[in-house]
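Residue numbers run from 1 in the order of the sequence given.
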Amino acid sequence: FMDLSRYFFLGHILHRIHNIEDKFTREISMRPGLLWNTSEFEARYGSQNVGICDELNPVYTSFYNRCYDLLQQHHIDNTVSEFNIKEWFLVYLSGGKLSIADFDTKPHLASEMNASILKLFNDKRQPIQNYQRMVRAFVIAKNLKQHNSQISSMVINLLNLLFWLSEKKLAMRDLKPDNLLIAGNPSKFPQFLGSASMYSIGLIDVETTVSYDMSEKNTIWQPPLGGTPSYATPTHQLKNDTIQKVYKDLPLILHMQDWYATVGMIYQTVTGERLFEKTAKKLLTLKKTIREQSHKNDNPQAVLKKASHSFWKMALAEFSLKTQKNEKRLQFIRLIISQESNTMLLETFANTQKCISNLMKNLILNQTAFKDDKVQKSLYSSPPLKIHHLRLNFKRGKWRQLPAEKKDIALKVLDDLYFLKKQSEQLILTSNHLKKSVSIVSAFDLLKAMFIVVLVYMYQNCWGVVSSDK
């Protein structure tokens with residue numbers, strides 16, 4: 001058996017790196033003089049944040065007066081210095097409370113003080129929240145800089161693992177940080193995390209793994225259904241024959257299940273947060289429905305289409321919202337990807353672009369709003385920005401060539417076409433970064449391109465554009 005004590009779980013390492021709350025508390029408590037020294041505050045947090053310090057001064061004055069009044073009431077005001085009161089202020093600012101140990105002779109005073117200060121902080125919540133947000137953003141940025149090389153190397157090795165799985169034609173189907181081992185020299189931990197070549201990421205708990213190598217057999221073994229919701233898709237709930245019937249390419253979908261999980265893990269590696277939290281809850285509600293209706297219904301494609309539309313609509317919205325919110329952090333992580341992973345990504349992105357091109361052609365040919373051949377060719381060849389301007393003109397009523405009953409159809413076509421063209425544009429952008437002699441790509445661009453791949457193969461190739469479907 002493998003001696004797990006010699007290795008480290010990826011989940012544990014990510015928790016260690018991204019334990020922001022502890023670092024947030026230390027940032028406040030370990031620098032007790034900053035709030036009362038504007039020049040030092042400015043030197044640490046920047047001149048743009050000096051106003052936050054100024055806003056807290058009256059809050060502290062109210063805090064001091066309230067504390068002193070309570071201490072006087074209990075006749076212990078002479079035993080507590082202003083330095084102690086400032087320390088208490090920092091405890092509350094970091095989200096903590098006073099304990100009985102802070103008042104040896106008056107243990108009941110702690111609860112009385114906590115209740116009084118909680119009310120004060122609620123009344124003065126805006127300047128306090130401004131300060132806490134600023135400190136938290138500072139800690140996150142500092143933490144990202146400190147662990148830049150470690151985070152980058154883990155993302156690179158996650159891609160290397162995905163490449164290895166594709167080469168071996170294996171689908172893990174339950175990839176997640178707690179199922180992955182960091183295999184490096186224990187005596188050099190955590191230093192070896194700074195270089196992707198000094199360690200590798202290995203697999204444990206492989207009971208859901210399946211080989212989709214068809215070279216020596218005609219069938220693919222049926223793996224257990226399920227998966228961890230934050231890293232799984234509706235296809236994890238379906239048997240092989242149903243996946244094959246719907247998608248016509250079982251090996252591809254099994255492989256895409258691992259792509260989806262890898263997207264989630266890369267985001268989590270950079271930010272310390274789970275990417276598909278709301279989507280996971282949606283999957284839990286869909287899980288029972290998919291299995292029950294798949295048994296009862298002779299048309300599994302209809303069952304999966306309805307569930308998939310709901311799922312991917314949510315996944316797309318959550319992905320877009322969170323990557324936009326954390327764009328600065330994701331852009332900060334720059335990756336020099338291994339040659340093997342680079343080749344895998346470029347080939348997959350190229351194939352996905354072909355799929356998107358076919359989707360655009362079919363969309364234009366099958367719609368009924370724009371029948372003129374020249375207009376159709378122009379729609380196909382136009383860049384996303386031109387399509388965007390057309391959409392705006394339609395919404396403003398400036399396009400008068402079409403009858404009223406066709407305008408809603410035209411707008412839907414333009415919405416879908418714009419979405420597909422933006423996907424293609426992102427794949428081209430990311431591919432161009434990877435094609436350079438020194439291929440450096442941001443985690444932001446990598447994630448966007450990889451998510452497009454999964455979305456195209458797991459939804460759009462079967463049922464069209466998910467972005468603006470009603």
Side-chain angles (χ1 to χ4, degrees), residues 1-20 22-23 142-209 228 230-231 255 258-275 329-330 332-345 434 438-447 450:
F1 292 92
M2 179 184 292
D3 182 6
L4 296 180
S5 65
R6 296 181 61 245
Y7 301 101
F8 310 89
F9 288 95
L10 178 60
H12 293 165
I13 291 174
L14 293 182
H15 176 73
R16 173 177 172 166
I17 288 175
H18 292 291
N19 191 5
I20 298 300
D22 284 352
K23 295 172 184 179
K142 181 182 176 184
N143 188 65
L144 200 60
K145 290 177 183 177
Q146 287 179 337
H147 295 96
N148 182 4
S149 61
Q150 296 180 356
I151 291 171
S152 299
S153 73
M154 284 187 281
V155 174
I156 290 167
N157 275 334
L158 283 172
L159 292 172
N160 290 342
L161 174 61
L162 187 62
F163 167 76
W164 181 85
L165 288 169
S166 68
E167 283 292 287
K168 300 297 183 181
K169 298 188 184 304
L170 293 172
M172 175 69 173
R173 301 185 62 259
D174 196 20
L175 286 175
K176 57 183 177 181
D178 291 341
N179 275 355
L180 298 179
L181 286 175
I182 300 292
N185 187 338
S187 67
K188 295 182 179 180
F189 179 84
Q191 288 76 18
F192 70 67
L193 290 173
S195 173
S197 62
M198 292 182 66
Y199 69 98
S200 59
I201 296 180
L203 302 168
I204 59 170
D205 191 11
V206 295
E207 65 179 26
T208 60
T209 304
T228 303
S230 293
Y231 310 93
H255 184 46
D258 286 347
W259 269 67
Y260 179 81
T262 302
V263 168
M265 290 192 297
I266 290 174
Y267 179 88
Q268 189 171 347
T269 300
V270 177
T271 67
E273 304 165 5
R274 288 196 178 186
L275 176 53
R329 294 160 72 179
L330 294 166
F332 182 79
I333 299 299
R334 317 293 286 185
L335 307 164
I336 302 178
I337 295 170
S338 69
Q339 186 58 53
E340 294 84 359
S341 297
N342 197 331
T343 300
M344 172 192 69
L345 291 170
L434 295 174
V438 179
S439 56
I440 301 176
V441 64
S442 72
F444 179 78
D445 286 323
L446 175 68
L447 278 174
M450 291 184 69

Do [X] and [Y] have a side chain donor and acceptor closer than 3.5 Å?
X	Y	result
Ser152	Asn148	yes
Tyr231	Thr262	no
Thr228	Ser230	no

Is there side-chain contact between Leu14 and Met154, with at least one heavy-atom pair below 4.5 Å?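 When only atoms from C-beta onward are counted, Met154 and Leu14 do touch, with a gap below 4.5 Å.
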Is the shortest side-chain heavy-atom distance between Met198 and Asn185 below 4.5 Å?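 The answer is no; the side chains never approach within 4.5 Å.
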Hey, is the main chain of [Y] close enough, under 3.5 Å, to the side chain of [X] for a donor-acceptor pair?
X	Y	result
Asn157	Ser200	no
Asn143	Ile20	no
Ser153	Gln150	yes
Lys176	Gly264	no

Show the numbers, then the answer: is there a salt bridge (Lys or Arg N to Asp or Glu O under 4.0 Å) between Glu207 and Arg173? CA-CA 9 Å; Glu207 65 179 26; Arg173 301 185 62 259; over 6 Å; no
Stepwise side-chain contact (heavy atoms from CB on, under 4.5 Å) test for Leu335 and Ile440: CA-CA 5 Å; Leu335 307 164; Ile440 301 176; over 6 Å; no
Quick one: sort the Tyr199 and Phe192 rings into parallel, tilted or perpendicular, breaks at 30° and 60°.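 Tilted.
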Start with the C-alpha gap between Leu203 and Trp164, add the side-chain angles, then the distance that decides, and say whether side-chain contact (heavy atoms from CB on, under 4.5 Å) holds. CA-CA 11 Å; Leu203 302 168; Trp164 181 85; 4.1 Å; yes
